[in-house]
Amino acid sequence: MTDDERLRRWRLVLGGGDADGTGLGLEGLDARMDSALSAVYDQGGGREGGLGASAPRVARWLGDIRTYFPSTVVQVMQKDAIEKLNLTRLLLEPEMLEAVEPDVHLVGTLLALNRVMPDRARESARAVVRKVVDELERRLTQKTRAAVTGALDRSARTHRPKRVADIDWDRTIRANLKNYLPEKNTVVPSRLVGYARRQRSVQREVLLCIDQSGSMAASVVYSSVFGAVLASMRSLKTSLVVFDTAVVDLTDQLHDPVELLFGTQLGGGTDINRAIAYCQGLITRPTDSIFILISDLYEGGVREEMLRRVAAMTQAGVQVIVLLALSDEGAPFYDHENAAALAAMGVPAFACTPDAFPDLMAAAIERRDIAQWAERHMAV
């Protein structure tokens, strides 16, 4: 990198004015990029920031940043503009929704505005949500189905296969290499490794219980997509429940994650105990059930009763997993006291990224130690 290029980049970062120390002026494209950045990130120092309340100006700015920056940067700038400049009202305009770059955070904002959204903006909002959901399904479906199917097959492995077709010859040979006979050039198997008859019935019950508080917006989006993928697998019985101070069962919407998302209501209080009580009533086969609570654990209900319910579930054989977030951002602010209390009863609480979630499901199906899995894969 030349000295001039290095100086140019520092000028764009520092924003001009007497304090930046570069003494460099900008022209042409660089000046337009600097103006787009200053609209959101001006912290004084001579740059004039802000977009005002003018919809045409915001639309123009949205078009500019899509011209100057890659889509990943555009998404960050949009998120920052919505938060810093309070542009949520303008997102209720169809023209604005057609101009933005759709991403998970934008979907979360739209869902939070769902109850106040005018009818003329609703179809545009639905199109934005559909685009994001379709992209997430393309990214996550194959990996999730492969991980879950593989885990179910491994959990059904047997050392007494009933048919030759059920023998896993590769694993059988490797398990019996010590019985190799050089003179016969063959392996004599003392034990077989194979698969139990593939079951057509439900093998696991999966319950996703999702906190709708405002900080969990991205987690709600990802959980809904994963719920739809899991519900499409006949070997799983998948339920999805969302809660604030009320509990809503959205299982019947799992065939369409967009409709499911518009059935959520971000914000409000939190009653985790009430949600867990409802989910307990859905469990019919505890030892074959996986209960995943996705929450920051700030309990507005009865904390002691919540912990007693979790303990009762684990004692009954339910595989209980608590995710502080299911998003790309890592662990949010969460109730450390409740997380510690859960860990003491063998239920670790940790944040999980969407890319790691399929492997987490596989670990749960195989009843591996989830605490050890989290230590290897996640920041607990």
Side-chain angles (χ1 to χ4, degrees), residues 130 133-158 160-168 171 193-210 219-242 248-264 278-294 313 316-321 323 326 352 354-368 370 373:
R130 173 68 67 186
V133 166
D134 288 348
E135 178 57 35
L136 292 178
E137 287 186 314
R138 281 192 294 270
R139 169 185 154 194
L140 301 171
T141 296
Q142 183 176 355
K143 184 177 180 180
T144 302
R145 293 180 67 89
V148 170
T149 300
L152 290 170
D153 286 345
R154 287 189 294 274
S155 65
R157 187 165 291 130
T158 178
R160 299 181 64 182
K162 296 181 179 180
R163 303 178 303 165
V164 173
D166 294 331
I167 298 174
D168 184 337
R171 288 184 176 273
V193 180
Y195 300 104
R197 293 282 184 94
R198 186 176 294 276
Q199 302 178 40
R200 295 184 181 275
S201 60
V202 171
Q203 298 180 51
R204 295 289 189 279
E205 294 183 359
V206 179
L207 290 89
L208 297 172
C209 186
I210 309 167
S219 298
V220 170
V221 176
Y222 280 116
S223 301
S224 299
V225 172
F226 278 119
V229 174
L230 296 172
S232 70
M233 304 182 69
R234 287 182 293 178
S235 52
L236 302 177
K237 177 186 176 184
T238 303
S239 302
L240 188 143
V241 173
V242 297
V248 181
D249 191 331
L250 295 176
T251 302
D252 61 351
Q253 298 293 328
L254 280 170
H255 64 283
D256 186 344
V258 174
E259 288 300 318
L260 190 155
L261 284 168
F262 275 96
T264 63
Y278 177 84
C279 291
Q280 279 183 298
L282 299 179
I283 296 172
T284 60
R285 298 159 50 186
T287 57
D288 292 326
S289 295
I290 302 167
F291 174 69
I292 303 175
L293 172 65
I294 304 170
M313 292 172 77
V318 178
Q319 180 84 310
V320 179
I321 299 170
L323 300 182
L326 179 55
C352 182
D355 286 334
F357 186 78
D359 189 58
L360 172 61
M361 284 300 306
I365 288 170
E366 296 178 50
R367 299 196 74 87
R368 286 184 256 153
I370 298 302
W373 182 92

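Being a predicted model, the structure only gives us computed values, none of them experimental.
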Does the side chain of [Y] come within less than 4.5 Å of [X]'s, by heavy atoms?
X: M233; Y: T238; answer: no
X: I370; Y: L360; answer: yes
X: T144; Y: L230; answer: yes
X: M361; Y: V206; answer: yes
X: R130; Y: D256; answer: yes

Where do [X] and [Y] come nearest, in terms of heavy atoms and distance?
X: L140; Y: P354; value: CD2-O, 4.1 Å
X: S224; Y: L240; value: CA-CD1, 4.1 Å
X: V133; Y: P257; value: CG1-CG, 3.6 Å

Might you work through the side chain to side chain contact (heavy atoms under 4.5 Å, CB included) test for F357 and I292, ending with a clear yes or no? CA-CA 11 Å; F357 186 78; I292 303 175; 4.0 Å; yes
Stepwise, does the side chain to side chain contact (heavy atoms under 4.5 Å, CB included) test hold for T264 with I210? CA-CA 10 Å; T264 63; I210 309 167; over 6 Å; no
Kindly say whether I283 contributes a backbone atom to a donor-acceptor pair with the side chain of E205 at under 3.5 angstrom? no
Side chain R368, main chain W373, donor-acceptor under 3.5 Å: no
Derivation and outcome, side chain to side chain contact (heavy atoms under 4.5 Å, CB included), residues V241 and L207: CA-CA 8 Å; V241 173; L207 290 89; over 6 Å; no
Assess the residue pair D355 and R139 against the criterion (side chain to side chain contact (heavy atoms under 4.5 Å, CB included)); give the C-alpha distance rounded to whole Å, side-chain angles, the decisive distance to 0.1 Å, and a yes or no. CA-CA 9 Å; D355 286 334; R139 169 185 154 194; 3.1 Å; yes
Ion pair present between K143 and D359, side-chain N to carboxylate O less than 4.0 angstrom? no
Is the number of heavy atoms from other residues, nucleotides or ligands under 6.0 Å of Q142 CD greater than 12?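 At most 12 heavy atoms, drawn from other residues, nucleotides or ligands, come within 6.0 Å of this atom.
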